[in-house]
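Read the structure below first, then the notes.
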Amino acid sequence: MLIDPTNLAIINHLKDGRASYKKIAEDLSLAEGTVRSRVKKLMDEGVFSISGLVNPEALPDQQIIMVGVRVKGMDLVRKGEEFSQLRSVISVCVVTGQFDLIVTAMLSKDFGLLEFFTQEVATIDNVRSVETFVVYKSFNLKVPLTSQPVLGPEENPA
């Protein structure tokens, strides 16, 4: 899909996910229906999405890891797709350098590193090696929730 200047302007207005189609239409001198249909087409074609993201450090008992993966063979896109389907995986990138893939996952106290590697990564064939990077502190990182965090009684607002 072509990202023309109008699509870029609409996306820019929606970067915080809170602008109304009516306001965007007024700002860009477009019909509200035009904005609505362009946003729908961008979303349908996988170019754009609107979602709530959270700072992972604000979630209790959650931990972000990044895993550098070396695979056997050169079908990197297929391997990336396989990794993207694993439980707790947020994103997978095919990269240059010493790794073939960089996998980002959010783990919890109930599904930690051991479970991630033995129950999930172990199911993928032709993995040559992995190197895990535990994120202790992040800057500007916001992620989608991969599962519902479990809140303790003192944290549950009920």
So, Lys22 and Asp27, do they make that salt bridge, N to O below 4.0 Å? no
Give a yes or no on whether a salt bridge exists between Glu82 and Lys79, defined as a side-chain N under 4.0 angstrom from a carboxylate O. yes
Going only through I, L, V, M, F, W and Y residues with side-chain contacts under 4.5 Å, is there a path from [X] to [Y]?
X: Val77; Y: Phe99; result: no
X: Val134; Y: Leu114; result: no
X: Phe116; Y: Tyr136; result: yes
X: Met66; Y: Leu53; result: no

Are any of the side-chain heavy atoms of [X] and [Y] separated by less than 4.5 Å?
X: Val54; Y: Leu59; value: yes
X: Ser129; Y: Arg70; value: yes
X: Val103; Y: Val121; value: no
X: Ile65; Y: Thr104; value: no
X: Phe133; Y: Val67; value: no
X: Val69; Y: Val92; value: no
X: Arg128; Y: Val71; value: no
X: Val39; Y: Ile10; value: yes

[atom1]/[X] to [atom2]/[Y] distance, rounded to the nearest 0.5 angstrom?
X: Leu14; Y: Ser49; atom1: CG; atom2: OG; answer: 11.0 Å
X: Glu131; Y: Ile102; atom1: CD; atom2: CD1; answer: 9.0 Å
X: Glu32; Y: Tyr21; atom1: CD; atom2: OH; answer: 9.5 Å
X: Ile124; Y: Arg78; atom1: CD1; atom2: CZ; answer: 9.5 Å
X: Ser37; Y: Asp44; atom1: OG; atom2: CG; answer: 10.5 Å
X: Thr6; Y: Ile11; atom1: OG1; atom2: CD1; answer: 11.0 Å

Can you check salt bridge (Lys or Arg N to Asp or Glu O under 4.0 Å) on Asp4 and Arg38, steps first, answer last? CA-CA 11 Å; Asp4 63 18; Arg38 281 181 174 247; 3.0 Å; yes
Can you see which heavy atom on [X] is nearest to which on [Y], and at what distance?
X: Val89; Y: Phe83; value: CG2-O, 3.4 Å
X: Pro144; Y: Met106; value: O-CE, 3.7 Å
X: Ser88; Y: Leu107; value: CB-CD2, 3.9 Å
X: Asn55; Y: Lys142; value: N-CD, 3.6 Å

Is Arg87 close enough and on-axis enough to Phe111, meaning under 6.0 Å and within 45°, for cation-pi? yes
Against the six-membered ring of Phe139, is Lys137 placed for a cation-pi contact (under 6.0 Å from the centre, within 45° of the normal)? yes
Go through the steps to decide whether Leu8 and Asn12 satisfy the test side chain to side chain contact (heavy atoms under 4.5 Å, CB included), and finish with yes or no. CA-CA 6 Å; Leu8 285 174; Asn12 192 46; over 6 Å; no
Show your reasoning for whether side chain to side chain contact (heavy atoms under 4.5 Å, CB included) applies to Asn7 and Leu42. CA-CA 8 Å; Asn7 284 342; Leu42 288 164; 4.1 Å; yes
Report the C-alpha separation of Ser108 and Gln63 in whole Å, then their side-chain angles, then the decisive distance to 0.1 Å, and conclude whether the side-chain hydrogen bond (donor to acceptor under 3.5 Å, both in side chains) test is met. CA-CA 6 Å; Ser108 67; Gln63 180 178 52; over 6 Å; no
